[in-house]
There are 2 protein chains.
Amino acid sequence: MTTLETPPAYERLVELLREKKILNSCGALLGWDEQTYMPPGGGEHRANQLALLAGLTHERATTPELGDLLEQLKEIEATADPLSVMAVNIRDARRDYERATQLPRKLVEEMTREISLAQQKWVEARRQADFSLFRKSLENIIRLKREEAKILSREGDCLYDALLDEYEPGMKAEQVQALFDPLREGVIQLLQQITDSPVEPKTEILKRSYPTSRQHEIGQAAAAQIGFDFQRGRLDTTAHPFCSDIGPGDVRLTTRYFENFFNSGFFGILHEAGHGIYEQGLNADQFGLAMGDSVSLGIHESQSLLWENFVGRSRPFWTHFFPKVQGLYPESLGDVTLDDFYTAINDVRPSYIRVEADELTYNLHIMLRFELEQKLISGELEAADVPEIWNSRFTEYLGITPENDAQGCLQDIHWSAGLLGYFPTYALGKMYSAQFFKAAQTAIPDLTDQISNGEFRELKTWLNENIHARGKLYQARDLVKVVTGNELSEKPLLEALGAKYGEIYGF
Amino acid sequence: MTTLETPPAYERLVELLREKKILNSCGALLGWDEQTYMPPGGGEHRANQLALLAGLTHERATTPELGDLLEQLKEIEATADPLSVMAVNIRDARRDYERATQLPRKLVEEMTREISLAQQKWVEARRQADFSLFRKSLENIIRLKREEAKILSREGDCLYDALLDEYEPGMKAEQVQALFDPLREGVIQLLQQITDSPVEPKTEILKRSYPTSRQHEIGQAAAAQIGFDFQRGRLDTTAHPFCSDIGPGDVRLTTRYFENFFNSGFFGILHEAGHGIYEQGLNADQFGLAMGDSVSLGIHESQSLLWENFVGRSRPFWTHFFPKVQGLYPESLGDVTLDDFYTAINDVRPSYIRVEADELTYNLHIMLRFELEQKLISGELEAADVPEIWNSRFTEYLGITPENDAQGCLQDIHWSAGLLGYFPTYALGKMYSAQFFKAAQTAIPDLTDQISNGEFRELKTWLNENIHARGKLYQARDLVKVVTGNELSEKPLLEALGAKYGEIYGF
């Protein structure tokens, strides 16, 4: 065997990983269908289908053959250029295999059962706005996640690091905290300046009548225009927006429309289209392998946020799009100026619900959750005390106090689904997106003009080349450094927010 | 172990069969999605997904454990009442196991891949009305089907029998021919009487403007009224109508609408709803087992045809429905009488497209395909020669010649889907449906009045009890005998057609 040949063990590894991914993608389609078109009566059978596919995928993720192959490929991995395709794919396969095989089956099963119960408890607790109904479930989930973290954590890491690593590989809680501290300070300062400003965006504009079929039309057109390829994707309506990657050539977005609130549908589409453009930009030849996969949840979120906020909530974007939206809704927007519309979609105002929060205060929602999660996992905080600390911290950060638990600590599904360590990736995504967008502005000097003209191709190509096509070649922070030339920092985000709100609110 | 206990081997058999069926049902959803909502770019990945699922299903269908269990259950099967649930389920599992273990996995996977590609070729070929674009795919499929038939055929059977047996278990090509011969004679005689009649149905009525959204509305309402449950199913639009059983509680119908031809959408829906009512009437507790499965394609078709033709094209049905349809389309139907409408939807006229053919000449379409398929499989006919023989035979039977391949041999999806041996079941279904409907009329003396009043519950219940709930307890011809008291015959069909057309055309 010459060094130019692909080792048979690697070829077999690729085959196994592809098969696992294809199987997983069948589940993705079933999940998408469950949210979009499945009739009510199909729920029980769908659960059986998904459970079977999950079991088969897990079987493939933990098959001893994978362990044998990785053992055989150890030397190649050690001696190859660490940034070669083969090394990256083997390294990532090893990471996944180790995570999958380290957790005892008993723990995985207990977690699955607990999550299934916790979700029901959470739904009921949220409905009744009563945390006490969910307390016991949260305690159990925290206990199990601590067990999981103990098994997975590496030397020198805190327990939380092991959970964060699942969603943001390589990132440590300490590093996140070091970014969040100055970010919080900057956000709170901006929020104060905005609160002190006499400028009052006319938000009622967005609550006029926007018949939803035309929202769909303009949203789909906008998604296509920024570069989401509808030959290789689609857009549907669901209770909660999401982007589902079915496989190469098939990426599906969903959104929800409210006739009396323009933002949800339109910005939901731009956001999910950002995720979708990332998925469509992955290397299809590397499907199922690290080099054909997204870097992390935070980097994924950076792509959605870049299109939603840095492009979609910018003045140049609306210079191009406002006349079109106005033409679609002459009754609601005929008397509205571009400036009023632009100001309204950038209104900043403390609010209770994370997914409805503005670009600025959203960060505070995330930081609050990150702090609580760390304390829950370290054992400093008991589940029973969550509502109290939530409300007091919320008041401290946002200046308003939730009236009940549904508006407070019960609003998000994540904890009931066992997703701890996930929240910080939303705010990391904000920082990544700001830093990437700044680099794109440098690389494309007339980017602002292009956006004003409704031209997005150069920006999309830049993202494709610098981020999407690289797959998991770099971990998130390294990617940021390679792409932007700088270490990850909160500064580009604070600068961008400061510039935008300074102009709008006059400070 | 007492004889009252369920043998553990049977319990395990049930478990394995259920798992296989669930896996198969994942493929059913992926197939449905491919026809309804999948973006064009998703085709290649979908082929990979379906190939993998087919391989896994085949693995489960051929696992040696199944063979061992069936071996252990041999005595129970031999000594139990042959019409007991356990005996029926074991017997059918053995039949499936034997068929499945005979086919090599490589052949199954090759077929799946070929089919997925062939379907895309067929769509394109039909769009361009150019058989040459599909020829290569058809050759590949015929080659693979011949391989399959050679492996499966039993002593004394022709190759075609082995394929027919997949869709109509127990039926032989020779038996079909023995029914088709007098049927063809009767049909051609009736066609002659109709051609000679001075009565000329006003078919232009049906070609007026019928905006499709209202076709969907009335079609969906009619499907619900005859008993299709939309809590456990749905209705979508596809190039070719079908009914897909995803699993208990999830049965999906599709149809296609033409603004300037009423029949396609409406009768397509009644037809598929008939299939759907059968699926919804199966015993969910027996899901994955013979006792919870449909008898054969012919019996399935009898259910769709019973609702489409014996109910849906009857005078009493339109006594109830015509005012509703007239109300939806006042511009097109305001000046039309019930009698004119009833006569128009029962117009007999040789035409090119099978699914749009009238109830009478439809049989000739099937016989033509049956003859061609037999020759393709026996090797007497090359794929390349299909258009020529199609057109000449078509002219001989129906007196008209297709103008192009889209109107001719490319019109149906079946061959591209590898469904050879399937077509004759349509005409068998006609005969079954006539014989069943005659029995229902005897069992429900005021059935005609009920239909005139838009009441279908008693008929649906009769079908549920006599046919659907029985699963595969009987093979098709035995079921016909048990339900109707008579051997399967072409006579009830010819009698019903003769009575209907005699009244309309005055002979």
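In what follows, every chain begins at residue 1, and chains take the letters A, B, ... in the order their sequences are listed. From a predicted model like this one, the values you see are computed outputs, not experimental measurements.
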Would you check if there is a donor-acceptor pair between the side chains of Gln303(A) and His468(A) at a distance under 3.5 Å? yes
For Thr255(A) and Glu272(A), does a side-chain donor sit closer than 3.5 Å to a side-chain acceptor? no
Only heavy atoms, only distances under 4.5 angstrom. Which residues in residues 38-45 of chain B are near chain A? Met38(B), Pro39(B), Pro40(B), Gly41(B), Gly42(B), His45(B)
Check the angle between the aromatic planes of Tyr278(A) and His300(A) and answer parallel, tilted or perpendicular using the 30° and 60° thresholds. tilted
Check: His240(B) and Gln35(B) side chains under 4.5 Å, non-hydrogen atoms: no
Do Asn24(B) and Lys20(B) pair up side chain to side chain, a donor and an acceptor below 3.5 Å, judged on atom types alone? no
If the plane angle is over 60° it's perpendicular, under 30° parallel, otherwise tilted; pick one for His216(B) and Tyr257(B). perpendicular
Note: vs chain B, highest number of non-hydrogen pairs under 4.5 angstrom among Asp33(A), Asn48(A), Leu23(A) is Asp33(A)
Counting only heavy atoms closer than 4.5 Å, note whether Phe287(B) contacts chain A via side chain, backbone, both or neither. side chain
Between Leu52(B) and chain A, with a heavy-atom cut-off of 4.5 Å, which part of the residue counts as in contact: side chain, backbone, both or neither? side chain
Cut-off 4.5 Å, heavy atoms of chain B, and the answer for Arg252(A) is side chain
Could you tell me if Ser209(A) and Glu259(A) have a donor-acceptor pair between their side chains, going purely by distance under 3.5 Å? yes
If the condition is side chain to side chain donor-acceptor pair (under 3.5 Å), which residues does Asp229(B) pass it with, not counting sequence neighbours? Arg232(B)
